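See structure below.
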Amino acid sequence: MDTVVINLEPAVRLTDEQFYQICMANRDLSLELNAQGELIIVPPVGGESGSHEARLITDLEIWNRQTKLGVVFSSSTIFRLPNGAKRSPDAAWIKLSRWEALTIEEREKFPPLVPDFLIELRSKSDRLKSLQDKMQEYIENGLRLGWLIKPQDGEVEIYRQGQLKELVKMPSLLFGEDVLPGFELQV
């Protein structure tokens, strides 16, 4: 199944609450909304990608439990970005002070912020250009560090605030730098 994009803009511009209600009414679908108001239906991933994603989240969570520096999120979490997009990375992390600054309602619904760190894992159904555009959107909205892992190509694209994208060949050891101090991930 390919990603399906529905242009709602000619008829309606969804508010944050309307998008939230659509997601709650369609829990079996993975939905995103881009800054142009297009509703994106994201296909499910297969077993290999799902297992790989679970390992990434586990490694991030283990590091976070040891450091207690933030909060880890799965691919089911949608973030409301400053540009109006509602996006869901495969794994995400937010510094604890930023998370605690949100109200209870903001935490219970779709948090109104971009993660400090995130990972996108390219599955066989993902178009590379769409993922690269999504990573650039995260950076433009305040992401500090992001990794686009591309197992099919044996590469990782590293995105940093204010810097050009870096391409790293796999296998490699990735570092959380000053965003996730001490975090290392073997890919």
Side-chain angles (χ1 to χ4, degrees), residues 1-46 49-50 52-54 56-57 60-61 64 70-149 157 159 161 179:
M1 177 181 173
D2 288 333
T3 300
V4 176
V5 179
I6 302 170
N7 187 359
L8 301 174
E9 193 64 24
V12 66
R13 179 78 173 177
L14 294 177
T15 65
D16 292 343
E17 184 61 28
Q18 288 169 327
F19 177 71
Y20 179 79
Q21 292 303 324
I22 287 171
C23 290
M24 294 302 103
N26 297 279
R27 292 177 185 262
D28 292 339
L29 294 177
S30 179
L31 302 173
E32 292 184 340
L33 190 73
N34 67 20
Q36 293 72 42
E38 295 172 324
L39 186 64
I40 303 164
I41 303 172
V42 182
V45 299
S49 289
H52 194 169
E53 182 181 306
L56 296 171
I57 293 169
L60 185 58
E61 178 62 22
N64 192 62
V71 181
V72 175
F73 300 89
S74 74
S75 61
S76 297
T77 308
I78 295 174
F79 295 94
R80 291 178 13 226
L81 306 185
N83 71 348
K86 282 77 173 167
R87 295 296 196 167
S88 180
D90 291 323
W93 180 86
I94 296 173
K95 187 176 177 180
L96 189 59
S97 61
R98 292 183 67 223
W99 178 248
E100 290 177 339
L102 298 176
T103 67
I104 292 174
E105 183 180 18
E106 289 171 328
R107 290 186 215 174
E108 288 176 350
K109 289 190 174 181
F110 301 147
L113 45 70
V114 68
D116 292 289
F117 168 78
L118 62 81
I119 300 172
E120 286 287 357
L121 174 63
R122 184 179 182 206
S123 67
K124 290 194 184 277
S125 62
D126 288 327
R127 291 192 180 109
L128 180 57
K129 175 78 168 100
S130 296
L131 284 176
Q132 290 170 326
D133 291 347
K134 191 175 175 183
M135 294 299 291
Q136 190 58 43
E137 180 179 50
Y138 287 131
I139 285 291
E140 290 168 0
N141 279 272
L143 175 71
R144 295 173 56 204
L145 178 63
W147 299 337
L148 171 54
I149 300 174
E157 295 180 9
Y159 293 76
Q161 192 62 233
V179 179

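Note that the numbering runs from 1 along the sequence shown for the chain. Predicted, not measured: the structure shown is a model, and the values here were computed from it.
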Within a strict 4.5 Å, meaning less than it, do heavy atoms of the [X] and [Y] side chains meet?
X	Y	result
L33	I40	no
L113	I94	yes
F117	K95	no
S88	V42	no
S130	T3	no

Does [X] use its side chain to pair, donor to acceptor, with the backbone of [Y] at less than 3.5 Å?
X	Y	result
N26	L29	no
S123	V45	no
S75	P89	no
N64	G70	yes
D126	L128	no

Subject >> Criterion side chain to side chain donor-acceptor pair (under 3.5 Å) on Q21 and E17, from CA distance to verdict >> reply: CA-CA 6 Å; Q21 292 303 324; E17 184 61 28; 2.6 Å; yes
Partners meeting side-chain contact (heavy atoms from CB on, under 4.5 Å) with [X] (sequence neighbours left out):
X	value
L96	V71, E100
L8	I6, V12, L14, L39
S76	S74

**OP:** Can you run down the salt bridge (Lys or Arg N to Asp or Glu O under 4.0 Å) pairs that involve residues 26-43, sequence neighbours left out, and say none if there aren't any?
**Re:** E32-R87, E32-K134
Original post:
Any idea which heavy atoms bring L60 and A92 closest together, and the distance?
Top reply: CD2-O, 3.9 Å
**OP:** Considering non-hydrogen atoms only, spot the tightest contact between A35 and R13 and give its length.
**Re:** O-NH2, 3.1 Å
[X]: which residues meet the side chain to side chain donor-acceptor pair (under 3.5 Å) condition with it, sequence neighbours left out?
X	answer
R127	none
E105	none
S97	none

**OP:** Taking salt bridge (Lys or Arg N to Asp or Glu O under 4.0 Å) as the test, write out the residues that go with D16, two or more places apart.
**Re:** R80, K86
Subject >> Listed partners of R107 passing salt bridge (Lys or Arg N to Asp or Glu O under 4.0 Å), at least two apart >> reply: none
Spacing of [atom1] belonging to [X] relative to [atom2] belonging to [Y], to within rounding of 0.5 Å:
X	Y	atom1	atom2	result
Q161	D116	CD	CG	10.5 Å
T77	L118	OG1	CG	12.0 Å
L56	E61	CG	CD	13.5 Å
I149	E120	CD1	CD	10.0 Å
I41	S30	CD1	OG	10.0 Å

**OP:** Applying side chain to side chain donor-acceptor pair (under 3.5 Å), run through E157 and Y159 and close with a yes or a no.
**Re:** CA-CA 7 Å; E157 295 180 9; Y159 293 76; 2.5 Å; yes
Subject >> Pairs meeting criterion ring-ring contact (aromatic ring centres under 6.0 Å, His included) with involvement of residues 9-30, two or more places apart >> reply: F19-F110, Y20-F110
Original post:
What residue pairs, at least two apart or across chains, pass ring-ring contact (aromatic ring centres under 6.0 Å, His included) with a residue in residues 87-108?
Top reply: W63-W93, F73-W99
Do any side-chain atoms of residues 139-148 form donor-acceptor pairs under 3.5 angstrom with protein atoms, and if so which ones, sequence neighbours left out?
| from | atom 1 | to | atom 2 | distance (Å) |
| --- | --- | --- | --- | --- |
| N141 | OD1 | N83 | N | 2.9 |
| N141 | ND2 | E137 | O | 2.8 |

